[in-house]
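Here's the structure we're looking at; comments come further down.
Note that the numbering runs from 1 along the sequence shown for the chain.
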Amino acid sequence: MTGMLIYYVVLALSCAAAPLCGKKCGKWGKIVYCAVFAVLFTVISAIRFEVGHDFKSYGGMYANMAFTDIEEAMMEKTEKGFYVPMYLFSLGYESYWTVFVYTSVLIYPLVFALIYKSSSKPWISVCAFLCFGVFFNSLCFLRQIIAAVIIAYAIKYVGTKDYFRFLIFVIAAAALHWSALIMTVIYFFLRIKPSWLYLGIAAAGTALFCIFSRSAMLFLISKFDMYKAYNPDTNPEASTGLPMRYTIMFGILYMVCFLFRKKLIEKNPNNGIYINCLMFTTIFEAMGMRHAILSRFALLTYLPPILYLLPDAADVIIRYVKEKKGKIAAAVSASAAAVFSIACYTILIINNYNGVVPYTSQFNRPYDLFVDVKATEEDEFEGDEEDEEDYGSDEYDDEDGETVIDALPEFQ
């Protein structure tokens with residue numbers, strides 16, 4: 001239970017601090033809110049220990065860099081936009097913890113800058129960021145979530161029909177994760193006005209894909225060599241699917257926003273683009289029910305609706321219900337939205353979404369993940385041959401009899 005508590009505390013704080021985003025506090029209240037929570041999220045992410053399924057992968061990648069020269073580094077398959085900065089950091093900082101500090105400092109200030117600049121109600125953006133799994137994804141899929149943040153910055157160019165600038169951002173995102181290249185095509189679909197006809201075509205296309213998914217997957221990996229490891233006949237992530245609950249969660253969000261699309265677009269013309277982003281998020285999650293790996297594409301499309309669309313949707317829906325049904329109905333609607341959000345959050349936590357439970361920090365970790373013990377210069381010249389052989393063993397003590405913590409590629 002204590003391993004889950006921190007997530008509920010952060011959610012409670014984000015709601016309790018909502019008055020800072022009100023009209024009375026003005027611009028500075030919004031700045032303070034975003035700055036404080038940017039720091040809070042950064043710290044929680046940076047100090048985590050073995051939180052997220054990819055923690056060992058990224059920690060191990062960074063630990064291995066200590067034994068990698070520049071020529072070997074350039075031969076690594078990991079996208080160079082991520083790998084090269086990490087390699088440069090490894091020249092000065094040996095601890096595997098560096099990768100999580102660096103990525104946290106990169107991700108959350110950029111996210112909160114977006115919230116400050118473009119969200120009509122920052123506290124709702126933060127609550128949505130938590131309740132609908134974005135924060136949990138940011139603790140796991142580091143390269144792809146950074147790419148998704150870059151795409152969230154680029155999304156404004158869909159509204160201005162500036163494909164060239166959008167493409168520049170996509171290429172930058174692809175330098176961190178190749179999957180971002182799919183946005184070069186999705187761009188054109190995001191520009192289509194949301195309608196029942198468009199929804200029907202998208203639903204039919206998704207259904208057809210799911211019916212013929214295995215053949216479609218084999219075709220895709222034959223065309224894109226970078227995805228050949230995700231063969232649906234051999235790779236578990238490609239051969240098995242995710243539970244339906246994630247598709248249902250995003251499907252409900254999409255349908256609510258779709259039904260209020262006219263009012264949302266009246267409030268902000270770009271909301272039509274964000275509604276389409278939410279549609280693609282639902283589509284990729286639906287595809288993920290057949291092949292789990294495909295749900296990863298949803299990361300690229302769901303930041304804009306989470307950060308920009310849902311705050312507007314909350315405002316539009318509550319105002320509409322209040323005008324039509326009165327204050328009590330509006331309060332009931334707001335309560336229903338809160339219950340739904342917290343229920344989604346709880347389901348994600350209980351099911352240990354992306355391996356984020358229990359939360360443990362570097363300061364109360366139960367053991368050391370990467371351990372190397374070094375002989376001192378004095379030890380090297382002491383003892384007989386038997387002692388010298390001991391220096392090549394997996395584990396020994398330093399001159400003070402204490403284990404020296406360092407980074408090794410092996411997981412202890």
Side-chain angles (χ1 to χ4, degrees), residues 7-30 32-34 37 115-134 193-200 245-279 281-282 302-348:
Y7 301 125
Y8 286 106
V9 170
V10 173
L11 179 60
L13 289 174
S14 66
C15 294
L20 286 172
C21 304
K23 292 181 180 180
K24 290 183 178 180
C25 293
K27 176 183 177 181
W28 282 105
K30 192 175 179 180
V32 170
Y33 183 93
C34 291
F37 280 94
I115 291 174
Y116 170 74
K117 183 178 180 180
S118 302
S119 174
S120 60
K121 296 184 183 299
W123 72 274
I124 293 181
S125 295
V126 174
C127 290
F129 188 81
L130 288 165
C131 291
F132 302 117
V134 191
K193 186 177 180 179
S195 66
W196 285 106
L197 176 62
Y198 188 27
L199 172 58
R245 53 180 170 263
Y246 308 123
T247 305
I248 293 173
M249 179 176 71
F250 286 109
I252 291 173
L253 291 176
Y254 169 67
M255 285 308 302
V256 170
C257 293
F258 176 81
L259 292 174
F260 284 88
R261 63 192 181 281
K262 291 182 180 179
K263 290 186 176 293
L264 283 168
I265 294 172
E266 285 176 7
K267 185 176 178 66
N268 181 354
N270 284 336
N271 279 336
I273 297 168
Y274 307 148
I275 291 171
N276 285 337
C277 282
L278 198 48
M279 180 184 74
T281 300
T282 307
Y302 76 169
L303 261 181
I306 291 294
L307 301 184
Y308 315 144
L309 177 64
L310 293 187
D312 281 357
D315 183 56
V316 164
I317 294 170
I318 297 301
R319 286 179 182 272
Y320 176 81
V321 174
K322 188 175 180 179
E323 290 173 2
K324 296 293 184 180
K325 303 294 183 179
K327 292 182 180 180
I328 295 177
V332 171
S333 298
S335 299
V339 169
F340 173 74
S341 300
I342 295 172
C344 289
Y345 196 42
T346 301
I347 289 170
L348 294 175

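The aromatic rings of F250 and Y302 are tilted relative to each other, their planes meeting at an angle between 30° and 60°.
Applying the side chain to side chain donor-acceptor pair (under 3.5 Å) criterion to Y308, with sequence neighbours excluded, gives no partner residue. A search for ring-ring contact (aromatic ring centres under 6.0 Å, His included) contacts involving F132 returns nothing, not counting sequence neighbours. Applying the ring-ring contact (aromatic ring centres under 6.0 Å, His included) rule to F260 yields the partners Y320; only residues at least two apart in sequence or on another chain are considered. Listed by chain and number, the residues in a ring-ring contact (aromatic ring centres under 6.0 Å, His included) with Y7 are F136 (sequence neighbours excluded).
When all heavy atoms of N271 and L264 are compared, the closest pair comes out as ND2-O, 2.8 Å. Nearest heavy-atom pair across M279 and Y254 is CB-CE1, 3.4 Å. When all heavy atoms of C127 and L11 are compared, the pair lying nearest together is SG-CD1, 4.0 Å. Counting all heavy atoms, side chain and backbone alike, A313 lies closest to C257 at CB-SG, 4.0 Å. In terms of heavy atoms, K30 sits closest to S119 at NZ-O, 3.2 Å.
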### Steps toward side-chain contact (heavy atoms from CB on, under 4.5 Å) verdict (Y274, L310)
CA-CA 9 Å; Y274 307 148; L310 293 187; over 6 Å; no

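One finds the CZ atom of F37 at 4.5 Å from the OH atom of Y33 (value rounded to the nearest 0.5 Å). Atoms CG and OG, from L309 and S120 in turn, are 9.5 Å apart once rounded to the nearest 0.5 Å. Atom CG of L348 is separated from atom SG of C131 by 9.0 Å, given to the nearest 0.5 angstrom. Taken from OG in S195 to CZ in F258, the straight-line distance is 6.5 Å, to the nearest 0.5 Å. Of the inter-residue distances, the one linking I115 atom CD1 with L303 atom CG reads 9.0 Å to the nearest 0.5 angstrom. Rounding to the nearest 0.5 angstrom, the gap separating the OG atom in S14 from the CD1 atom in I124 is 10.5 Å.
For residues 304-323, the salt bridge (charged side-chain N to carboxylate O under 4.0 Å, His left out) pairs, not counting sequence neighbours, are K267-D315, D315-R319. The salt bridge (charged side-chain N to carboxylate O under 4.0 Å, His left out) analysis of residues 329-346, with sequence neighbours excluded, yields no pairs.
For the pair L199/P194, no side-chain contact is recorded, criterion being any heavy-atom separation below 4.5 Å from C-beta on.
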